[in-house]
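Everything on this sheet refers to the single structure shown next.
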Amino acid sequence: QVALRESGGASVQSGGSLNLSCVVSGYIYNVHDLGWFRQGPGKEREEVAIIARDGFPSVADSLKGRFTISRDLRKSTLYLQMTSLKTEDTGMYYCALRRSDAGSTWRYWGQGTQVTVSA
């Protein structure tokens with residue numbers, strides 16, 4: 001059974017850093033992709049970063065250089081390191097899982113963790 005649980009969200013000042021974690025149950029590293037998404041106030045949900053089953057990471061172009069995605073297979077945990085945070089990074093951050101098959105959708109989601117960045 002797949003379950004995802006995020007943690008690490010907090011209120012920080014602009015320029016600060018946060019590390020988010022997502023513990024994943026039912027994760028099979030060579031079958032599934034993992035990803036981070038976010039939804040800011042009044043905005044649509046957007047993709048932040050994905051780590052594929054082969055471990056290859058990809059970060060949204062607008063966030064490259066500030067955000068880093070990684071995973072610890074022994075702990076079945078996904079991470080998101082965020083630095084130089086800006087007020088526009090405020091939002092609910094979610095981790096998600098999908099099969100790596102072509103056309104697969106993000107079927108499983110966590111409850112989210114809130115990140116608030118103040119000026």
Side-chain angles (χ1 to χ4, degrees):
Q1 184 172 355
V2 175
L4 303 96
R5 186 178 75 250
E6 305 94 337
S7 63
S11 296
V12 297
Q13 289 191 324
S14 180
S17 300
L18 277 177
N19 294 319
L20 304 185
S21 299
C22 174
V23 177
V24 187
S25 303
Y27 171 50
I28 304 173
Y29 76 96
N30 60 350
V31 172
H32 296 130
D33 299 334
L34 291 173
W36 285 102
F37 296 78
R38 70 182 184 183
Q39 187 166 17
K43 299 180 182 179
E44 293 188 355
R45 187 173 61 199
E46 63 176 343
E47 177 185 306
V48 172
I50 295 172
I51 192 159
R53 63 179 176 179
D54 62 1
F56 186 82
S58 64
V59 178
D61 288 344
S62 61
L63 302 175
K64 286 180 180 176
R66 296 196 300 122
F67 286 21
T68 303
I69 187 171
S70 62
R71 66 182 182 181
D72 185 327
L73 296 179
R74 292 176 301 172
K75 297 181 179 179
S76 290
T77 301
L78 179 71
Y79 301 100
L80 184 68
Q81 293 178 285
M82 305 186 292
T83 63
S84 302
L85 284 164
K86 305 175 181 180
T87 56
E88 52 262 44
D89 294 320
T90 293
M92 188 69 79
Y93 283 69
Y94 302 90
C95 60
L97 177 147
R98 69 178 180 189
R99 291 185 61 90
S100 297
D101 305 329
S104 181
T105 59
W106 296 98
R107 181 177 178 184
Y108 300 97
W109 294 82
Q111 298 279 14
T113 187
Q114 178 68 38
V115 172
T116 302
V117 184
S118 57

Exam field: side chain Arg99 to backbone Ser104, donor-acceptor pair closer than 3.5 Å: no
From Gln39 CD over to Glu46 CD, what is the distance, rounded to the nearest 0.5 angstrom? 9.5 Å
Please round to the nearest 0.5 Å and tell me the distance separating atom CG of Leu63 and atom CG of Asp89. 6.5 Å
State, yes or no, whether a side-chain contact exists between Trp36 and Cys22 at a heavy-atom distance under 4.5 Å. yes
Rounded to the nearest 0.5 Å, the CD atom of Gln13 sits from the OG1 atom of Thr116 at a distance of 12.5 Å
Which residue is it: Thr77, Ile69, Val24? I am looking for the one with a side chain to side chain contact (heavy atoms under 4.5 Å, CB included) to Leu34. Val24
Taking all non-hydrogen atoms of both residues into account, name the closest pair between Ser84 and Arg66 and its distance. O-NH1, 2.9 Å
Connected via hydrophobic side-chain network under 4.5 Å: Val31 and Tyr27: no
So how far is it from Glu6 CD to Gln114 CD, rounded to the nearest 0.5 Å? 11.5 Å
Taking C-beta and beyond as the side chain, do Gln111 and Arg5 meet within less than 4.5 Å on heavy atoms? no
Drop me the distance from Asp33's CG to Arg71's CZ, to the nearest 0.5 angstrom. 9.0 Å
Report the C-alpha distance between Val115 and Met82 in whole Å, list the side-chain angles of each, state the deciding distance to 0.1 Å, and finish with yes or no for side chain to side chain contact (heavy atoms under 4.5 Å, CB included). CA-CA 10 Å; Val115 172; Met82 305 186 292; 3.9 Å; yes
Okay, side chain of Thr113, backbone of Tyr93: is any donor-acceptor separation there less than 3.5 Å? no
Do Val23 and Ile51 land in one hydrophobic cluster if side-chain heavy atoms of ILVMFWY residues count as linked below 4.5 Å? no
Among Ile, Leu, Val, Met, Phe, Trp and Tyr joined by side-chain contacts under 4.5 Å, find the other residues sharing a cluster with Tyr94 and list them by chain and number. Phe37, Ile50, Met92, Trp106, Trp109
State the CG-CG distance between Leu80 and Asn19, to the nearest 0.5 angstrom. 8.5 Å
Atom of Ser14, atom of Ala119 and distance for their closest heavy-atom approach: CB-CA, 4.3 Å
Could you list all the ring pair (Phe, Tyr, Trp, His ring centres under 6.0 Å) pairs where at least one residue sits in residues 39-82, not counting sequence neighbours? none
